[in-house]
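Below is one structure, written out as structure tokens, with a few remarks after it.
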Protein chains: 2
Amino acid sequence: MRNSSAPRLTDIAKRAGVSIAAVSIALNKSESNRVSAERRQKILRIAEEMGYVPNELARALAERRTRLLGLVVPLRDPIFFNQFIAQALSGIQSTLMKRGYNLLVFSPSGKPGRATRDQILESRFMDGLVFINTRSCTAGDVKRTIEELDRAQIKFAMINSYYGRAPINYVGVDDAAIGSAAVDYLTERGHKRIAFLSGSATLPAHQQLVKGMRRSLEKRGLELKPELIGCTGYEVERAFQILDDWFRTKRDRPTAILTADDQLLLNLYDYAEQRGLKMPGDIAVLNRGNSTPEHHLRPRPTTLVTPTLRMGELAAELLIDSIEKPGTPPQRVLLPFELVQGATT
Amino acid sequence: MRNSSAPRLTDIAKRAGVSIAAVSIALNKSESNRVSAERRQKILRIAEEMGYVPNELARALAERRTRLLGLVVPLRDPIFFNQFIAQALSGIQSTLMKRGYNLLVFSPSGKPGRATRDQILESRFMDGLVFINTRSCTAGDVKRTIEELDRAQIKFAMINSYYGRAPINYVGVDDAAIGSAAVDYLTERGHKRIAFLSGSATLPAHQQLVKGMRRSLEKRGLELKPELIGCTGYEVERAFQILDDWFRTKRDRPTAILTADDQLLLNLYDYAEQRGLKMPGDIAVLNRGNSTPEHHLRPRPTTLVTPTLRMGELAAELLIDSIEKPGTPPQRVLLPFELVQGATT
DNA sequence: GTGAAAGCGCTAACAG
DNA sequence: CTGTTAGCGCTTTCAC
């Protein structure tokens, strides 16, 4: 904290010969007539002279509002390394800046016996929370989280991977539509044996993608073969095993792969490099993910881009609306995705 | 904020039939004998039953301590996209977690008329600041920042690019040593015409790198030719111009390049790809930077790796020490770097 | 228009 | 050991 001898409202009040209330009003409510113009001038001048800066902590306690939003990202890995999160965060920050809020990134499991994560959530430091679901969030996890937050009456907005029915502030993409679009795109290019490389079958996004793929495949009399759905558990060895299974057998070898996220795409690139597999010669690759991390991948991957930055912006927007206008009903927004043509298809 | 009907110390005190002070002590000072064991038990039980969670805001106001640290990153671009910052942040978070602090990422220039950045810095929301200097910080900027912070008596720790003499908490690398090591490495491999691709000559890191390079070159009777120092201003076009200048003229063409950071390295890769330049065949490349973003660059760049994560950890450590133990003298730490052999040299 | 006073919820010094 | 009291600095009734 700053030097504790900082000037307070009291100090200004004394110097100006007015009440502390007058100072508070003069400084904060520029509209109000409760203080006369001349008085206000004098107060403002003195505050300026003394270098007054309000103590936001005291203000927050009195107003019951901190203008601080918390960020929750259930992920083991350092969250800042993750490009998806980095983009969402940038979007969030951009909105917060516009609307005068700040972001509190808390450190889960702080000192033993104090400030555990859940305590922090409820500790009144934040006006609300932004939740970014990650690949470690199953549908059940998400559901439980929502129930807890509702019970604690904490305002929040969620990003990514919620397909439940609870009325919450949510921003995501329609993964079923993405799966469907992926199949449309690939079948139009003559692919019939399409594989799906995913992290885990328990993830909501996985389920939606599969659903969408099936929908589109069936429309064409094709099917998504169970053996062409591979779940790596986000382990490289497992990814390589799966890919070996697919490519070592000549029969029924897939001609195209949809990767469920950037990390799986990178695994695939590593595999292709190591095994001498050419893209798109030996295998066509389509990715669902962000575009940033791929700038320097060669060949450039064809990607169904999720608008992650925008998701962050919007989620923050919804959250702040629901904080500032208490009546506002929760909104669920599904953002459109975009196909960015690369050299892997 | 959370539901405002949350139980307070008063509520527990009433229910337990004790004073509010007793409750506070029972809950917070497990060591103290000021409250008897049985009473403590009773109080703890009741607090548990009522689902008591302390209001950190009120606590902070009374204790004059928030356990919140602020992050300042002077950079126009979205800071979370930057791998250097992502790594430093991860390090910072890791320390904060261990020591029970949280991180406040504020949004510069909030609502007009209120909460400008500087005000937030002094608004008592934070116990201290972590400053990450970036490529937009000249020596003068940094110096001014330090003066301001000192004047406002704000505790802080700085990361990166400070070579001044002020006694502050600082963690960085010795860029002169890096420049020197780069030259040693390249000359040992027979290179004599070594170029330096940098962002701007006004950056402290630039100056140190040049100093180190010169030192090592002169020891060998070589020199760093002024025309082989290129400053891109972090603009791609300018980078290409400079590289064209170097490579279009056959005479005095450099045989090796040291890039001052990851972004310049990427510019160089783009250039090499576009002009059909082979690394290391046509040009040897050595980079100063992080290793993460390069995982999927081909060929893999040889890199003098700065331990950015560790820098974040340590800076946070120093800052918290200086907050918690007021007498602690500021420390300046220069971390060692490491050479990671790639395929570009 | 203006000021006094009552909180916001907690900590800590002080008196028993 | 225990309770009372005085803040922390600000906002906001509520009388005048």
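Chain A is the first sequence line, chain B the second, and so forth, proteins listed ahead of strands; every chain is numbered from 1. A quick note: this is a predicted structure, and the numbers were derived from the prediction, not measured.
The distance between atom CD1 of A:Ile25 and atom C1' of D:dT11, rounded to the nearest whole Å, is 9 Å. Atom CZ of A:Arg124 is separated from atom P of C:dC8 by 10 Å (rounded to the nearest Å). The distance from atom CD of A:Glu56 to atom C1' of D:dT11 is 13 Å, rounded to the nearest whole Å. At whole-Å resolution of the value, CG in A:Leu61 and P in D:dC10 are 12 Å apart. Put simply, CG on B:Asn28 is 10 Å from P on C:dC10, counting in whole angstrom units. Rounded to whole Å, the distance from NZ on B:Lys42 to C1' on D:dC1 is 16 Å. Distance CG (A:Asp11) to C1' (D:dG9): 10 Å, rounded to an integer number of Å. Atom CG in B:Leu9 sits about 13 Å away from atom P in C:dC8, given to the nearest Å.
Closest to the side chain of B:Ser36, from the set D:dC1, C:dG1, C:dT11, is D:dC1. For A:Lys29, whose side chain is taken as the heavy atoms from C-beta onward, the closest listed nucleotide among C:dT11, C:dG9, D:dT12 is D:dT12. If you check D:dC10, D:dT2, C:dG9 against the side chain of A:Arg59, the one that comes closest is D:dC10.
Put simply, B:Ser24 has a side-chain N or O that comes within less than 4.0 Å of OP1 or OP2 on C:dT11. Between D:dG3 and B:Arg39, a contact under 4.0 Å exists linking OP1 or OP2 to a side-chain N or O. Listed pair B:Tyr52 / C:dG9 fails the phosphate criterion, with no side-chain N or O lying under 4.0 Å from OP1 or OP2. Residue B:Arg8 has no polar side-chain atom (N or O) positioned under 4.0 Å from OP1 or OP2 of C:dC10. Between D:dC8 and A:Asn55, no contact under 4.0 Å exists linking OP1 or OP2 to a side-chain N or O.
Within the model, atoms CZ of A:Arg59 and CG of B:Leu61 stand 13.0 Å from one another, a figure rounded to the nearest 0.5 Å.
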Run the side-chain hydrogen bond (donor to acceptor under 3.5 Å, both in side chains) check on A:Asn169 and A:Arg332 step by step: do they pass?
CA-CA 6 Å; A:Asn169 286 311; A:Arg332 166 181 314 239; over 6 Å; no

Checking B:Gln87 against A:Phe81 for the side-chain contact (heavy atoms from CB on, under 4.5 Å) test, could you report, in this order, the C-alpha distance in whole Å, the side-chain angles of both residues, the deciding distance, and whether it holds?
CA-CA 7 Å; B:Gln87 287 203 13; A:Phe81 285 4; 3.6 Å; yes

What do the steps show when you test B:Phe80 against A:Gln93 for side-chain contact (heavy atoms from CB on, under 4.5 Å), and what is the final call?
CA-CA 10 Å; B:Phe80 301 113; A:Gln93 268 299 99; 3.6 Å; yes

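Classification of B:Arg135 and B:Asp77 as a salt-bridged pair holds, one side-chain N sitting under 4.0 Å from a carboxylate O.
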Check: protein-nucleotides 14-16 of chain D nitrogen or oxygen pairs below 3.5 Å:
unit_1, atom_1, unit_2, atom_2, d
D:dC14, N4, A:Arg34, NH1, 3.4

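Not one N or O on the side chain of A:Asn28 forms a donor-acceptor pair closer than 3.5 Å with the backbone of A:Ile25. Between the side chain of B:Thr95 and the backbone N or O of B:Glu313 there is at least one donor-acceptor pair closer than 3.5 Å.
A heavy-atom distance below 4.0 Å to DNA chain C is reached by these residues of residues 14-21 of chain A, ordered by number: A:Val18, A:Ser19, A:Ala21.
Side-chain contact annotation: A:Thr66 with A:Asp127, donor-acceptor N/O pair under 3.5 Å present.
In the helix from C:dG1-D:dC16 to C:dG16-D:dC1, the end axes, each obtained as the rotation axis mapping the C1' atoms of four pairs onto the next four within a five-pair block, lie 50° apart to the nearest 10 degrees.
Looking at residues two or more places apart in sequence or on another chain, you find a side-chain contact (heavy atoms from CB on, under 4.5 Å) between B:Pro167 and B:Pro330. For the side-chain contact (heavy atoms from CB on, under 4.5 Å) test, residues two or more places apart in sequence or in another chain that qualify with A:Ser36 are A:Glu38, A:Arg39.
Sequence neighbours left out, the pairs with a member in residues 11-22 of chain B that pass salt bridge (Lys or Arg N to Asp or Glu O under 4.0 Å) are B:Arg8-B:Asp11.
The shortest distance between side-chain heavy atoms of B:Asn160 and B:Thr134 does not fall below 4.5 Å.
Ranked by how close their nearest DNA chain D nucleotide is to the 5' end, B:Ala22 and A:Ala58 are led by B:Ala22.
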